[in-house]
Peer 1: 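Starting off with a structure, shown below.
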Amino acid sequence: MEADSQLKKGFLKSAALLAIAMVISQIIGLLSKSLIGSTFGASAEVDAFLASNRLTEILFNLVAGGALASAFVPMFSAMLDRKETRRAWQLASRLSVLLTLILAFLSLLCYLFAAQIVRYILVPGFSINDPALERLTVDLLRIQLPTVVIFGLSGLLMGILNSHDQFLFPGLAPAMYQIGIILGVLFFSKPFGIRGLAYGAVTGSLLHLLIQLPMFLRLKNKELKLEFAWKDSAVREVFKLMIPRQIGASAVQLNFLVNNLIASYLPAGSISAITWGLALMLMPQAAIAQSVATVSLPMFSVQAARNKLPEMSASLAAVIRLVIWLALPAACGLILLGEPIVTLIFERRAFNPQMTQMVTWALIWYSFGLVFHCVVELVSRAFYAIHDTKTPVMVLFFAMLLNIVLSILLSRAFAGIGWMPHGGVALANTIATALESGLLLFLMRQRLQGMHGRRILTGILQSVVAATAMSLGLYFWKRFSAAQEMSPLVVVAVGVAAGIGIYLAVGAVLKTDELKEIRNFITRRHQLSEDS
């Protein structure tokens, strides 16, 4: 029990630290998106960049992103917990070599067949509507392919650091990638145009890797060597666990490809609208769910390795409540303040009010699914911790098929009633993710033989009551500010402050456990600082 108490002791601190790092990353990401929007607008050129950038993300996620983390981190953490330090580092060494070779080979194939990939997979609509835009997409894709290998190694470092309870610099790594994009806009776009963004992406991937190196070099007892050993049983086990997750990652990325494919036949700017709308929705998801889930995975993995499933069930219930308590007000805020937020971030120079409406429309429909995205992120990590990567993939595959069908049907339905059709693509994602989260919760409850459902439901009801009160306050504030013709900055700043105040006040009246935990955490930190 003492070991488990020690295991959980730093959870909230680590989650808070990672959340802060991710918030910083998201703020810098907002700045980069704002610069792209003001420089290029939601234009066909930006559509080409985002489409090409999507493929490099797909390659990374298929081999080294979530797929590797879901298989590597549980095994690496369990080995460290069993004091098998040498074996753990041997696994990391051999994986790094295999990972580099695989990603380099995939990048070379994509370079050789870039034209065919763009024409038949990424954006087939470009070849019909604008062949010059298709050629530009090919060039942008080829420029960005080195990022695949760089991100692969950076992702492995991230997993190693997380397994050692180091979350700050891995959390700041996405900020460094966005800084690279910013450099592309400010300096590379002048001589190279939209291609400057691609060069910025490559620069950002290098920064993503480099910021983690100092902390990695400070790790004790590390033994990273260049070894090629495909027959290593641990390496094979990692790849065995990765295969289902890779299929799942393929499903997720296929959804994005289908969305881009559908949007390539819609009015110009539709790809930019759904990409930026989704990105804005995923910002709180990253700060809330990804931070909590990233910190939870090593903890869940150790609890599962010790065969203490009842304690894992209690831990999972607690973090689900925490994530919903944080995500629900964020979703309501994005829905009600979406337009002034988009105006504040994007609307200047090349980004006009019509583009603001397009991005806002996508953001609203995506935001209805924010809570479900957060739950999926968290419960999936619980499955990975018990070395079950198949179940989340099977559920995801079902959600993927549903999303594809609904994207086609709803985009046509929206167009039929005179609404912007890309909103149907966003709504399809929300519906599919809602069903995915519900099914994952049901199956995880069976695996853990219960999951404190009454406690979770109580937390959800408290969050709904507080979020409803907050939404009413934001609704009246929005009407008042519109009548007074206030600037977007004032509308957003006052709206966010008032929304947080109302939500916390109602939460205090309801005596929510999450608010008590945060108070206790702040009190402990304050006492420690005074003692020191």
Side-chain angles (χ1 to χ4, degrees), residues 42-44 46-47 50-51 54 120-130 250-282 285 328 331-339 341-343 346 352-376 395-440 471 475:
S43 61
V46 175
D47 284 355
L50 294 174
R54 174 65 64 195
Y120 300 111
I121 299 177
L122 285 183
V123 280
F126 285 2
S127 63
I128 300 172
N129 300 325
D130 192 343
S250 300
V252 172
Q253 301 303 327
L254 182 58
N255 277 329
F256 291 136
L257 287 179
V258 170
N259 289 347
N260 282 353
L261 187 150
I262 294 171
S264 71
Y265 292 99
L266 300 179
S270 293
I271 292 179
S272 299
I274 62 174
T275 300
W276 284 337
L278 179 62
L280 288 175
M281 184 276 290
L282 290 178
Q285 189 260 4
L328 190 57
C332 295
L334 286 175
I335 292 169
L336 289 164
L337 299 176
E339 184 173 359
I341 288 173
V342 174
T343 301
F346 292 107
N352 57 42
Q354 181 184 356
M355 296 173 183
T356 295
Q357 292 300 318
M358 291 182 71
V359 176
T360 302
W361 185 243
L363 173 61
I364 289 172
W365 293 109
Y366 277 127
S367 296
F368 280 107
L370 174 58
V371 172
F372 306 122
H373 277 276
C374 291
V375 172
V376 167
V395 175
L396 178 60
F397 188 73
F398 162 75
M400 175 204 71
L401 294 177
L402 181 63
N403 188 27
I404 292 173
V405 173
L406 289 177
S407 293
I408 297 170
L409 295 178
L410 290 176
S411 62
R412 291 178 178 176
F414 273 41
I417 58 178
W419 291 358
M420 287 182 281
H422 67 276
V425 176
L427 178 57
N429 179 275
T430 291
I431 295 172
T433 306
L435 293 174
E436 181 185 4
S437 65
L439 189 52
L440 283 175
S471 298
Y475 171 76

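Scope of the values below: all heavy atoms of this structure, side chains included, with no hydrogens, waters or symmetry mates.
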Peer 1: Kindly give the heavy-atom pair with the smallest separation between Phe368 and Thr430, and that separation in Å.
Peer 2: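 For Phe368 and Thr430, the tightest heavy-atom pair comes out as C-CG2, 3.7 Å.
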
Peer 1: Write down the atom of Leu370, the atom of Ala331, and the distance for their closest heavy-atom approach.
Peer 2: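 Taking every non-hydrogen atom into account, CD2-N, 3.5 Å.
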
Peer 1: Any chance you could measure Thr433, atom OG1, to Leu396, atom CG, to the nearest 0.5 Å?
Peer 2: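 Here the interatomic distance stands at 9.0 Å.
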
Peer 1: Mind listing the closest non-hydrogen atom pair of Leu363 and Gly277 along with its distance?
Peer 2: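 The answer is CD1-O, 3.6 Å.
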
Peer 1: Quick one: side-chain hydrogen bond (donor to acceptor under 3.5 Å, both in side chains) partners of Thr275, sequence neighbours excluded?
Peer 2: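 Per chain and number, Thr275 pairs via side-chain hydrogen bond (donor to acceptor under 3.5 Å, both in side chains) with no residue.
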
Peer 1: Looking at Ala415 and Pro421, what are the two nearest heavy atoms and their distance?
Peer 2: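 Smallest heavy-atom distance, with atoms named: CB-CB, 4.1 Å.
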
Peer 1: Look up atom CE in Met420 and atom CE in Met358, then write down how far apart they are to the nearest 0.5 Å.
Peer 2: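 It is 7.0 Å, given to the nearest 0.5 Å.
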
Peer 1: Using the rule given for side chain to side chain contact (heavy atoms under 4.5 Å, CB included), can you reason through Tyr366 versus Ile274, listing the C-alpha separation, both sets of side-chain angles and the distance that settles it, and then say yes or no?
Peer 2: CA-CA 9 Å; Tyr366 277 127; Ile274 62 174; 3.9 Å; yes

Peer 1: Nearest 0.5 Å, please: how far is CD in Glu436 from CZ in Phe372?
Peer 2: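 Taking CZ in Phe372 and CD in Glu436, the distance rounds to 11.5 Å.
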
Peer 1: Apply side chain to side chain contact (heavy atoms under 4.5 Å, CB included) to Leu280 and Val342, showing your working.
Peer 2: CA-CA 9 Å; Leu280 288 175; Val342 174; 3.9 Å; yes

Peer 1: Would you say Leu440 and Val375 make side-chain contact, with heavy atoms under 4.5 Å?
Peer 2: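 They are not in contact (no side-chain heavy atoms under 4.5 Å apart), so the answer is no.
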
Peer 1: Roughly how far apart are Phe398 CZ and Leu439 CG, rounded to 0.5 Å?
Peer 2: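 So the gap between those two atoms works out to 7.0 Å.
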
Peer 1: His373 side chain to Leu282 main-chain N or O, any donor-acceptor pair under 3.5 Å?
Peer 2: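 Side chain of His373 to backbone of Leu282: no pair is present.
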
Peer 1: Looking only at heavy atoms, what is the nearest atom pair of Ala362 and Ala273, with distance?
Peer 2: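 What the structure gives for the nearest pair is CB-O, 3.6 Å.
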
Peer 1: Measure the spacing between OG of Ser367 and CG of Leu336 and express it to the nearest 0.5 Å.
Peer 2: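 Answer for the OG-CG pair, Ser367 versus Leu336, is 10.0 Å.
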
Peer 1: Grab the two heavy atoms, one from Val425 and one from Ser411, that are nearest each other, plus how far apart they are.
Peer 2: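 Here Val425 and Ser411 meet closest at CG2-CB, 4.2 Å.
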
Peer 1: Hey, what's the ring geometry for Trp361 with Trp365, parallel, tilted or perpendicular (30° and 60° as the breaks)?
Peer 2: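 Perpendicular: the ring planes of Trp361 and Trp365 meet at over 60°.
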
Peer 1: Tell me, please, which residues at least two apart from Gln285 pass side-chain hydrogen bond (donor to acceptor under 3.5 Å, both in side chains).
Peer 2: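 Here the qualifying residues are Gln290, Glu377.
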
Peer 1: How long is the gap from CG on Leu409 to CD1 on Ile404, to the nearest 0.5 Å?
Peer 2: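 Answer for the CG-CD1 pair, Leu409 versus Ile404, is 12.0 Å.
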
